[in-house]
Amino acid sequence: MLSLRDLVERLAQPPGDLVYYLVTLFAIQLILGIAFSHWYRQRRDPNAIRLLLAGVGLALVRVAALVVAVLDRAGVLPALAILPPLERFLDFSSIVLVLWAFMSLWGRHPRLGVSLLLVSLLAGMILYAATTALWLPLSATGRVYSGTGQATLWEAVSVGLLVLGLVATLAWRGDSWGLLTCLLGVWLAGHALQLADWQRAQPVHPTAAAWVRLADLVALPVLAALAYRQALQT
């Protein structure tokens with residue numbers, strides 16, 4: 001019988017990793033289609049514009065990860081030197097985009113929401129550039145990324161952001177606060193398990209955020225339902 005750990009391991013290595021990228025990309029395309037249809041009907045609605053921009057951003061995140069994985073499979077790009085910090089940055093960016101698109105607080109304070117979005121993404125880019133520069137020389141030594149301090153830092157930042165998002169969602173409840181709470185809770189569980197995994201003698205995978213990938217497979221259908229419900233409300 002396939003255990004949960006076995007499933008997580010398969011999502012982090014060929015061919016399961018490619019299947020993961022394709023499935024998540026398909027889910028994001030569905031979300032983007034909903035967002036575009038909603039924006040096409042309500043072009044002046046700030047919520048529709050925010051949902052569309054978030055959908056485009058999420059699609060770019062998944063396409064970037066898929067392109068790197070395909071180039072690595074073709075032997076063109078050394079994914080071991082690039083993908084580990086990139087995957088953490090893309091996961092962080094996905095959280096930021098979802099919080100910006102669906103938290104009801106930003107509907108009341110749109111300028112504050114945009115400012116925090118830009119600051120968070122800029123901070124993530126700076127952290128990504130720093131961790132990549134530190135990881136490149138270490139990747140050639142066969143170092144396990146999941147046990148590095150920077151991998152722990154990425155997961156700790158993501159966990160902290162998700163906790164803040166959950167608190168804010170419960171404090172300022174919108175019409176879809178239940179679905180958003182469920183989504184953030186699933187992601188929080190995935191990142192928390194990934195954060196705890198580095199303490200094991202044998203992590204699930206030496207470089208990939210395998211537990212987060214499993215959480216994505218559960219969370220993205222919830223995200224699609226959340227986008228659909230928001231589109232129906234206006």
Side-chain angles (χ1 to χ4, degrees), residues 28 31-32 34-36 38-65 85-133 150 153-188 190-191 195 209 212 215-216 219-220 222-224 226-231 233-234:
I28 293 298
I31 295 167
L32 182 57
I34 294 172
F36 180 79
H38 180 40
W39 170 82
Y40 189 79
R41 290 183 288 106
Q42 305 285 342
R43 297 191 182 188
R44 295 185 179 181
D45 184 0
N47 291 329
I49 295 173
R50 192 163 62 245
L51 181 60
L52 177 63
L53 292 176
V56 171
L58 290 169
L60 291 175
V61 163
R62 297 300 162 180
V63 168
L86 177 62
E87 181 176 7
R88 272 66 176 187
F89 168 65
L90 296 179
D91 289 336
F92 169 82
S93 300
S94 297
I95 296 170
V96 171
L97 288 168
V98 166
L99 290 176
W100 174 67
F102 294 103
M103 280 183 55
S104 62
L105 176 63
W106 311 136
R108 307 170 193 173
H109 307 283
R111 292 185 178 180
L112 177 61
V114 172
S115 299
L116 290 177
L117 170 70
L118 296 177
V119 169
S120 299
L121 291 178
L122 179 60
M125 290 176 186
I126 294 172
L127 181 58
Y128 167 66
T131 53
T132 301
Q150 60 176 264
L153 176 60
W154 274 116
E155 296 306 328
V157 169
S158 296
V159 166
L161 184 60
L162 286 165
V163 170
L164 289 175
L166 274 171
V167 171
T169 298
L170 294 174
W172 291 279
R173 297 184 182 183
D175 294 331
S176 302
W177 70 272
L179 280 174
L180 183 57
T181 299
C182 178
L183 168 64
L184 298 180
V186 170
W187 266 347
L188 178 59
H191 284 277
L195 181 61
V212 178
D216 282 341
L220 288 181
V222 180
L223 180 57
L226 186 59
Y228 182 69
R229 181 169 182 177
Q230 181 161 314
Q233 288 172 351
T234 55

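Note that the structure is a prediction, hence the values are computed from the model and not measured. For the numbers below, each heavy atom of this structure counts, side chains included, while hydrogens, waters and symmetry mates do not.
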Note to self: Test side chain to side chain contact (heavy atoms under 4.5 Å, CB included) on L51 and D45; report intermediate values, then the result.
What the structure shows: CA-CA 10 Å; L51 181 60; D45 184 0; over 6 Å; no
Margin query: Quick one, I95 with L99, criterion side chain to side chain contact (heavy atoms under 4.5 Å, CB included). Give me CA distance, side-chain angles, the key distance, then yes/no.
Written below: CA-CA 6 Å; I95 296 170; L99 290 176; 4.0 Å; yes
Next item on the list: Step by step, work out the side chain to side chain contact (heavy atoms under 4.5 Å, CB included) result for Q230 and I34.
Entry: CA-CA 10 Å; Q230 181 161 314; I34 294 172; over 6 Å; no
Item checked: Residues V186, V222; criterion side chain to side chain contact (heavy atoms under 4.5 Å, CB included); working and verdict -> CA-CA 10 Å; V186 170; V222 180; 5.6 Å; no
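L53 contributes atom CG, which lies 9.5 Å from atom CG of L97 (distance to the nearest 0.5 angstrom). Distance check, rounded to the nearest 0.5 Å: CG of L220 to OG of S94 gives 8.0 Å. Rounding to the nearest 0.5 Å places CG of L112 at 4.5 Å from CH2 of W106. Distance check: L188 CG to L184 CG gives 8.5 Å after rounding to the nearest 0.5 Å. If you take CG on L153 and CG on L127, they are separated by 5.5 Å, rounding to the nearest 0.5 Å. Distance CH2/W177 to CH2/W172: 15.5 Å, rounded to 0.5 Å.
Nearest heavy-atom pair, W100 versus G113, reported as atom, atom and distance to 0.1 Å: CD1-O, 3.4 Å. Smallest separation of non-hydrogen atoms from A219 and W187: CB-NE1, 3.7 Å. For the residue pair L32 and A59, the shortest heavy atom distance occurs at CD2-CB, 4.1 Å. For A101 against R50, the heavy-atom pair with the smallest separation is O-NE, 3.5 Å. Of all heavy-atom pairs spanning L90 and A64, the tightest one is CD1-CB, 4.3 Å. When every heavy atom of R173 is checked against every heavy atom of S104, the shortest pair comes out as C-OG, 3.8 Å.
Side-chain contact between I31 and Y228 is absent, with no heavy-atom pair separated by less than 4.5 Å. Between M125 and S93 the shortest side-chain heavy-atom distance does not fall below 4.5 Å. Counting only heavy atoms from C-beta outward, the side chains of L180 and M103 approach each other to under 4.5 Å. Contact check for F102 versus T169: no side-chain heavy atoms found under the 4.5 Å cut-off. Taking 4.5 Å as the limit, every side-chain heavy atom of R88 sits out of range of all side-chain heavy atoms of V212. Between F89 and T132 the shortest side-chain heavy-atom distance does not fall below 4.5 Å. Contact of the L161 side chain with the H191 side chain is not registered, since no non-hydrogen atoms from C-beta on lie closer than 4.5 Å. A 4.5 Å side-chain heavy-atom check between I28 and V63 finds every atom pair outside the cut-off.
For R108, the CZ atom is densely surrounded, since the number of other residues' heavy atoms within 6.0 Å is greater than 12. Within 6.0 Å of CZ on R43 lie more than 12 heavy atoms contributed by other residues, nucleotides or ligands.
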